[in-house]
2 protein chains.
Amino acid sequence: MSDLLERLRGRGWRMTAQRRVVAEVLDGEHVHLTADEVHARAVERLPEISRATVYNTLGELVSLGEILEVATDHRAKRYDPNAHRPHQHLVCASCGAIRDVHPDGNPLTDLPEAERFGFTISDVEVTYRGLCPNCASA
Amino acid sequence: MSDLLERLRGRGWRMTAQRRVVAEVLDGEHVHLTADEVHARAVERLPEISRATVYNTLGELVSLGEILEVATDHRAKRYDPNAHRPHQHLVCASCGAIRDVHPDGNPLTDLPEAERFGFTISDVEVTYRGLCPNCASA
DNA sequence: ATCCTACAATGGACCCTGTCTAAGTCAAAT
DNA sequence: ATTTGACTTAGACAGGGTCCATTGTAGGAT
């Protein structure tokens, strides 16, 4: 079942009903929920859980490296539990659908030394935009 | 001086004091201001200019394709007058400094057909993150 | 089994970014 | 000089997110 919960327990993360629910909501593949969506789903299982707790918990999971924060649009951040395998995102410009994708090669190596300006680069984020099959045919 | 103003005039864009000031503030290389930063600089030259006008004007310039909207952090959008030459961004994770960069190759071609899920891809945005020389040595 | 205490949860105020609206102003065509 | 539709304004509003003082509780110590 929940790999995420296992890992968190193993790391000595203090477990509470709220944290468990948040972790459970996030568990799975191709999950890209906003904080408020996570909250809405968490409330179904634990009606008293507060928005602040969801935000706090998400922030911690991000710090722990267990989930990723992705900014695919200019609106709410989304949280991606697929932090294990590096990947990028493909976003429909019309309906906002999001897919995890795996481009060939490593985009990091595409940036020549002369274009690094002395920066120590540690990460690269790639977002492909276009129309999903549904929206393209509409 | 202002290429941007020239082009806008040539396109029959109705010129007002406010629009001129916004265009002037944005003119230049490696400019990546937020809307409120644009407003702050515009106010120095034209004290009565309103926030709404700055937002409206920026939105129009984006629609006209004269400036780009970039989301390098999870906070305010930034506006990049360098809409002529395709480029990507390099961002310091510590101080937020931004540089325009030009990676080798075309990231669009790095996404294999099997990873496109029927999407019609029209654009790709790449953000490199790391530490700038200043922040790395601190 | 109970007690303690550091850590977690709560909810409501607050902030930042951005949008909208109704009313007033102005560029530029006539 | 007049006209008029486009532009500007101030301020209200909304969404997303953070902060904080208070209350609650997990889990180690006894």
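Side-chain atoms are counted along with the backbone in the values below, which use heavy atoms only and exclude waters and symmetry mates. Just so we're on the same page: letters track the sequence lines, and every chain starts at 1.
The shortest side-chain heavy-atom distance between A:D110 and B:D110 falls under the 4.5 Å cut-off. When side chains are defined from C-beta on, B:D73 counts as touching B:R78, because their heavy atoms get closer than 4.5 Å.
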Discussion item. Determine whether A:V70 and A:T127 satisfy the following criterion, side chain to side chain contact (heavy atoms under 4.5 Å, CB included), listing intermediate values before the conclusion.
Written reply: CA-CA 10 Å; A:V70 297; A:T127 305; over 6 Å; no
Worksheet entry | Pair B:L90-A:E115, side chain to side chain contact (heavy atoms under 4.5 Å, CB included): steps then yes or no | CA-CA 9 Å; B:L90 170 56; A:E115 286 283 313; over 6 Å; no
Practice prompt. List the steps and the verdict of side chain to side chain contact (heavy atoms under 4.5 Å, CB included) for A:D36 and A:Y55.
Written response: CA-CA 9 Å; A:D36 278 337; A:Y55 276 96; 4.0 Å; yes
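In summary, the side chains of B:D80 and B:H89 do present a donor paired with an acceptor at a separation below 3.5 Å, with no hydrogens or angles considered. In the model, B:D100 has a side-chain atom that pairs as donor or acceptor with a side-chain atom of B:H32 under 3.5 Å.
The separation between A:Q18 atom CD and C:dG11 atom P is 10 Å, rounded to whole Å. One atom, CG of B:L46, and another, C1' of D:dC7, lie 13 Å apart when rounded to the nearest Å. Rounded to an integer number of Å, the gap from CD of B:E48 to C1' of D:dT8 is 11 Å. One can place CG of A:L33 at 14 Å from P of D:dG16, the figure rounded to the nearest angstrom. As a whole-Å value, the separation of B:D73 CG from D:dG16 P is 17 Å. Straight-line distance from the NE2 atom of B:H39 to the C1' atom of D:dT9: 10 Å, rounded to whole Å. Remark: C1' of D:dT9 and CZ of B:R19 are 14 Å apart, rounded to the nearest angstrom. Atom CD in B:E60 sits about 12 Å away from atom C1' in D:dT8, given to the nearest Å.
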Name every donor-acceptor pair, under 3.5 Å, that has one atom in a side chain of residues 91-99 of chain B and the other anywhere in the protein, sequence neighbours excluded.
none

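At distances below 3.5 Å, at least one donor-acceptor pair connects side-chain atoms of B:R129 with backbone N or O atoms of B:T72.
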Discussion item. So if I define the base as every atom that isn't primed, P, OP1 or OP2, how would nucleotides 22-29 of chain D read as a B/S/- string at a heavy-atom cutoff under 4.0 Å?
Written reply: --BBBS--
Pairwise N/O distances under 3.5 Å, protein to nucleotides 17-20 of chain C:
residue: C:dG18; atom: OP1; partner: B:K77; partner atom: N; Å: 2.9
residue: C:dG18; atom: OP2; partner: B:Y55; partner atom: OH; Å: 3.2
residue: C:dG18; atom: N7; partner: B:R51; partner atom: NH1; Å: 3.3
residue: C:dG18; atom: N7; partner: B:R51; partner atom: NH2; Å: 2.9
residue: C:dG18; atom: O6; partner: B:R51; partner atom: NH2; Å: 3.0

